[in-house]
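A quick write-up on the structure given underneath.
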Amino acid sequence: MAEYKEIDSVAVIELKNPPANALSKALVTGLNNGVKRAIDNPRIKSIVLIGNGQHFSAGADITEFPRVADVTSKQGVSLLTVGDVIESCNKPVVSAIHGVCFGGGLEIALFSHYRLAVQSAKLGFPEVSLGILPGANGTQRLPRVVGFEVAMDMIVSGKPVSAPQALQYGILDKIVDGDLLTAAVQFAKTLNTVPHDRRLKNVPVPNSENANKHFEEKLAKIKQKQRGYIAPINCLKAVKASVDLPYSEGVTKEFQLFMELMSSAQARGQQYSFFSERAATKWYLSASKNYKVSKDIPVKTAGVIGAGTMGSGIAVSLLTSGIPVILVEQDSKNLERGIELIKSILQGGVKLKRMTQSQMNQILQILQPTTKIEDLQSVDLIIEAVFENLKLKQELFSKLDKICKRDTVLCSNTSTLDIDKIAKSTSRPEKVVGTHFFAPAHIMPLLENVYGNHTSAETIATVMKLSKKIRKIPVLVKTCHGFVANRTFFEYSQELRFVVEEGLLPNEVDDILEDFGMPMGVFKVNDLSGIDVGWRIRQEQAIANGFNLTTNTRYINGERYCAIADKIFQAGRYGRKTGKGWYQYDKPGGRVAMVDPNVNNIILNHCKELGLTRRKISTQEVIERCMFAAINEGFRCLEDGIASKPEEIDTIWLHGFGFPRYRGGPMFYASQVGLRKVYERIKYYQKHFPETSHWIASEMLQRIAESGRNVPISEWTKFNPTPTSSRL
Ligand SMILES: CCCCCCCC(=O)CC(=O)SCCNC(=O)CCNC(=O)[C@H](O)C(C)(C)COP(=O)(O)OP(=O)(O)OC[C@H]1O[C@@H](n2cnc3c(N)ncnc32)[C@H](O)[C@@H]1OP(=O)(O)O
Ligand SMILES: NC(=O)C1=CN([C@@H]2O[C@H](COP(=O)(O)OP(=O)(O)OC[C@H]3O[C@@H](n4cnc5c(N)ncnc54)[C@H](O)[C@@H]3O)[C@@H](O)[C@H]2O)C=CC1
C-alpha cells in the first residue's frame, strides 16, 4: 500500500493503491508507518512522498464513506493523524506530484513542507461535488497559502488548477522537468530543517481584507446558481472560518460543518452519482460483447448530416475535440444558416474565454461544409441529425449505405425512432447505432447511445469511445420508442400536462419543479426544445400507430390524452424561438419567460369545453405524480432490458435533464423515499386515474416492494421478471 525505500539520506514513500491511489484506511496506515520509520532512522535527513502509477492521489477512498465512523474515527490512523505526523516532523517532507492530487491527496501535500510537481499535474479539492468539504483541515490550510478569495473559489467550485496555475498561487514550490522522483530526491537533499512558516498552521491567511465582501457575493451566487445544494454553503462557511478564527478553532468549525454534510442525504446522493456515472459507462451485453473485450474503430474523420439545432451543436462537439467534420445540408441556404450557427456557438466560446479567436479559426479550418452527400464516402463515422421523420431517415441511410466505405459507422441522432427500423434500410445493420445527443448538443454532457438488434460490439465500442473523446458521459441503452431518456421523460411531462388540465397553471408547476431542484420547469424546457418538435414527434407516432391526432383528441385507444400542448402549437406558439410558447418571452429567441394570460385562456377554455372542474393540487401531489410516473417507467425499462441497471437511468436524468445531483437520480430518489411507499402511491394513483396506463405498477417494482426487505439498488435487477412488455 505504501512502499518505503531509502535513496542515500532521503526516505521515499510511494503511495500504491491502483488505479488512483485512493487513500483507503490501509494506505493511510501504510503512509503513517512509512513516515514514522523515516523519523526513527537517524541516517534519514528528509522524506519524499510520491504516487505510484498514474496519479499522486485521487483523495480519500470514497467507497469507505458509507462507514462514516471509519472516516472520522479518532481511533486508528486517519488522514488527520498522519497529517499531524507529517507536519510536526522535524525532517523536511516533500510531496512530489504527478497526475491528479485531489481531495485528501492535496490535504497530504498541504501537510507536507514542500510541494513539487510535473507540468501536467492537476491539483484541487473536488469534495463539494461529493456533497462534503475538504475535512482534513484543507479549508483552513489552503487559504493560508493562496489567500481567502482563491481558496474560496477553488473549494466552493471544486475545480482543479493546473500545475503552472498552482505555482503562481504558491501551492507549488517548483515545477520540475524530467524524472519526478530524481528531481524530488535531489531537491530533498538540499533541505536540512523545517522553517517555522513551512508548517501552515503557523501562518496567517494573507489577503483577507475583503473577506466579508467576497463571502457575501459568493453566498448570493451560490443561492442563485446552485439552488438547494448545501455543500457549497458549508464549504464557503468553513473557508471563512480560516479568516475569522485562530487555526485551532477554525479546524473545530470545519469538523462541525464536515459532519453536518457527511451525514446528509445530499452527500449520499452525490456520492452515489460519482459511482453511478462510472457504472453506467460499463456496458455488458455478453461475455464476448462488453466494454472490456470489444475493440473500437478509430474515428479520425466524421460527417454530420443536417445543420439545424442539433447538427450544428454535434459538429461543434466533434470539431472542438479535434475531429475534422464534413457537414452536409439539403441546400446552400440551410448550409449557410448552419455554418453561421456553428460560428456563433464558437464565438460564444471565445467570448467566455474558452478559446482564442485564432483557435476558433483553426477549428473552422477542419470544417468542410457541402451540399453533396457523396462527399461523405470516406469518413469513419457519420451522425445524421435531419428532421424526425422515419421515411426521410431511411432514405438517407440507404443512400449512405451505397456511398460510404464498408466500415463507416452510421449513427442517427433520432430522439425516439427505432434504430432497427432505420438499420433495415441498409445492408450493414451491424454498423448502425443511435447517438442521442441532448440540446444544446455542444453543452449537455449526456450521450445516450442506442444499440439495435444487429448493432455489432465493435460499433458500440466505437461510439462509447467517441463519446468520451468528445467529453460526453455515455450511457448505452437498447432501442425502443423513445429509448430510456424520452420514454421516462415522456411519462413525467405527460403527467404534468394532466396536472395543468386538472388545476395548476404552467408557471405554478414549473415553480414546484424548480424548488424540487430541477434546473428548469418542464414547460420552460418544452419552450426551449420547441413546441413544434414535440408536436411533430406526437404526430409521427400517431401516424406510425394508425390514428389521427387532433386538438379534440381526448383518448387514444382508451388512454387519457391531454391536447393542451397541441392547442399551444396550433396558436403558432412554438416556444422560445418564436418568442412565445407556454410562456411569453421578451423577444424571439429571448430568455426571459413571463406568464402570458393568453396561455391561461387557452387552458381555461380547454377545461371549459371538456366540462372539467379545476381544483387545487398540492406540491406533494405534483412531485409524486411526475416523479413516480417516471420511476415506474424506469422500472419498465429495466424489465424490458432497455436499460440494464438503475444507474443508467439515473445518469441519463442527471446529465440529460439536469436532475439535481444531490438527489442522485430518479431511481436513487425512489430508494430514498422507499420502494414500498412508491409502490403504494402508484397503486393509489392508479385507482384515481385508471385511464392512464403508466399507473399500472411495474412487476419488478411490485416484487421488490412486496419482498418486505429494504433491497439495495445494486440488487434490484435480481427481481426482474422474464422480460415482457406490451408497451414496447
Ligand atoms: C474528520 C476527518 C475526516 C477526513 C475526511 C477526509 C475528506 C477527504 O479527504 C475527502 C476526499 O478526498 S473525497 C475524494 C475527493 N476526490 C475525488 O472526488 C476524486 C475522484 N476521482 C476522480 O476525479 C477521477 O476518478 C480521477 C481523475 C482520479 C481518474 O479519472 P479516470 O477517468 O481516469 O478514471 P475513473 O474511471 O474516474 O476512476 C478509475 C477508478 O478509480 C476509482 N476512484 C477514483 N477516485 C476514487 C476515490 N477517491 N475513491 C475510491 N475510488 C476512486 C473509480 O471509481 C474507478 O473505479 P472503477 O470504476 O472500479 O474502475
Ligand atoms: N431539438 C432537440 O431538442 C432534439 C432533437 N433531436 C433529434 O435530432 C434530429 C434533428 O433535430 P433538430 O436539429 O431539432 O431539427 P432542425 O429542424 O433544427 O434541423 C434539421 C436539419 O436537417 C436538415 N435536413 C433535412 N433534410 C435533410 C437532408 N435530406 N439532407 C441534409 N440535411 C437535411 C434541415 O435543413 C435542417 O437544417 C431529429 O431527429 C430530432 O428528433 C434529438 C435530441 C434533441
Side-chain angles (χ1 to χ4, degrees), residues 59 72 79-80 83-84 86-88 101-115 123-161 165-173 195-226 229-262 264 267:
T72 57
L79 213 48
L80 279 171
D84 275 346
I86 292 170
E87 179 159 70
S88 56
C101 174
F102 285 172
L106 183 52
E107 308 257 25
I108 298 270
L110 291 174
F111 279 115
S112 306
H113 310 118
Y114 296 90
R115 291 163 288 277
L123 299 89
F125 279 129
E127 281 85 343
V128 70
S129 69
L130 299 169
I132 56 169
L133 56 75
N137 304 352
T139 64
Q140 306 305 298
R141 305 175 76 79
L142 185 64
R144 287 174 157 77
V145 183
V146 300
F148 176 75
E149 201 184 349
V150 173
M152 174 185 82
D153 281 344
M154 281 181 68
I155 292 174
V156 171
S157 75
K159 286 194 186 133
V161 294
Q165 185 74 76
L167 182 69
Q168 202 189 330
Y169 287 154
I171 303 173
L172 293 175
D173 296 294
H196 182 74
D197 64 357
R198 284 282 158 181
R199 295 192 173 98
L200 290 176
K201 66 178 173 190
N202 299 330
V203 176
V205 178
N207 311 324
S208 58
E209 307 76 40
N210 295 322
N212 284 341
K213 180 172 160 271
H214 292 315
F215 175 87
E216 292 302 336
E217 286 170 359
K218 190 62 135 192
L219 189 61
K221 242 189 209 159
I222 294 172
K223 286 185 175 164
Q224 188 203 358
K225 294 209 161 152
Q226 289 164 285
Y229 283 84
I230 53 175
I233 294 180
N234 277 23
C235 282
L236 180 61
K237 285 182 184 167
V239 181
K240 184 69 177 6
S242 73
V243 174
D244 295 343
L245 301 171
Y247 185 82
S248 59
E249 290 173 37
V251 295
T252 307
K253 180 74 181 168
E254 178 196 86
F255 183 71
Q256 176 222 325
L257 293 164
F258 175 79
M259 287 309 291
E260 252 175 53
L261 293 177
M262 199 63 174
S264 70

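It should be emphasised that the depicted structure is a prediction, and the values quoted were computed from it without experimental measurement.
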- Under 3.5 Å: donor-acceptor pair, side chain of Asn202, backbone of His196: yes

Rounding to 0.5 Å, atoms CD (Gln226) and CD1 (Ile233) come to a distance of 8.5 Å

To the nearest 0.5 Å, atom OG of Ser248 lies from atom CD of Gln140 at 10.0 Å

Is any side-chain heavy atom of Asp173 closer than 4.5 Å to a side-chain heavy atom of Arg198?
yes

One should read off an interatomic distance between Ser88 OG and Lys201 NZ, to the nearest 0.5 angstrom, of 6.5 Å

Q) Given side chains that start at C-beta, do those of Glu149 and Asn207 come closer than 4.5 Å, heavy atoms only? A) no

Note: Leu200 and Leu110 closest approach over all heavy atoms is CD1-O, 3.4 Å

Would Ile230 and Leu261 count as a side chain to side chain contact (heavy atoms under 4.5 Å, CB included) here? Give the steps. CA-CA 8 Å; Ile230 53 175; Leu261 293 177; 3.9 Å; yes

Note: Asn234 and Leu133 closest approach over all heavy atoms is O-CD2, 3.8 Å

Nearest heavy-atom approach of Val243 to Ala211 is CG1-CB, 4.1 Å

NZ (Lys240) and OG (Ser208) are apart, to the nearest 0.5 Å, by 9.5 Å

The reported gap from CZ in Phe111 to CG in Leu80 (rounded to nearest 0.5 angstrom) is 5.5 Å

Would a distance-only check, ignoring hydrogens and angles, find a side-chain to backbone donor-acceptor pair under 3.5 Å from Glu127 to Ile132? no

- [ ] State, yes or no, whether a side-chain contact exists between Ile171 and Leu142 at a heavy-atom distance under 4.5 Å.
- [x] yes

Exactly one candidate in Arg199, His113, Arg141 meets side chain to side chain donor-acceptor pair (under 3.5 Å) with Glu87; the answer is Arg141

Across all chains, not counting sequence neighbours, the side chain to side chain contact (heavy atoms under 4.5 Å, CB included) partners of Lys218 are Met152, Asp153, Val156, Ile222, Leu236

**Item:** Glu254 side-chain N/O to Ala238 backbone N/O, donor-acceptor pair under 3.5 Å
**Value:** no

Please confirm whether the backbone N or O of Gly135 pairs with a side-chain atom of Thr139, one donor and one acceptor, at under 3.5 Å? no

Note to self: Using side-chain heavy atoms (C-beta onward) and a distance below 4.5 Å, is Leu245 in contact with Thr252?
What the structure shows: no

Of all heavy-atom pairs linking Pro126 and Gly103, the shortest is CD-N, 3.5 Å

Closest heavy-atom pair, Ala241 versus Lys253, reported as atoms and distance to 0.1 Å, is CB-CG, 3.8 Å

Inset, instruction - In plain terms, say whether Lys213 and Glu217 are close enough for a salt bridge, that is, a side-chain N and a carboxylate O under 4.0 Å apart. - result: yes

In this structure, OG of Ser264 is separated from CE of Met259 (nearest 0.5 Å) by 10.5 Å

Heavy atoms of Val205 and Phe148 approach each other most closely as CG1-N, 3.9 Å

| Could Glu260 and Lys237 be called an ion pair, given the rule that one side-chain N must be under 4.0 Å from one carboxylate O? | no

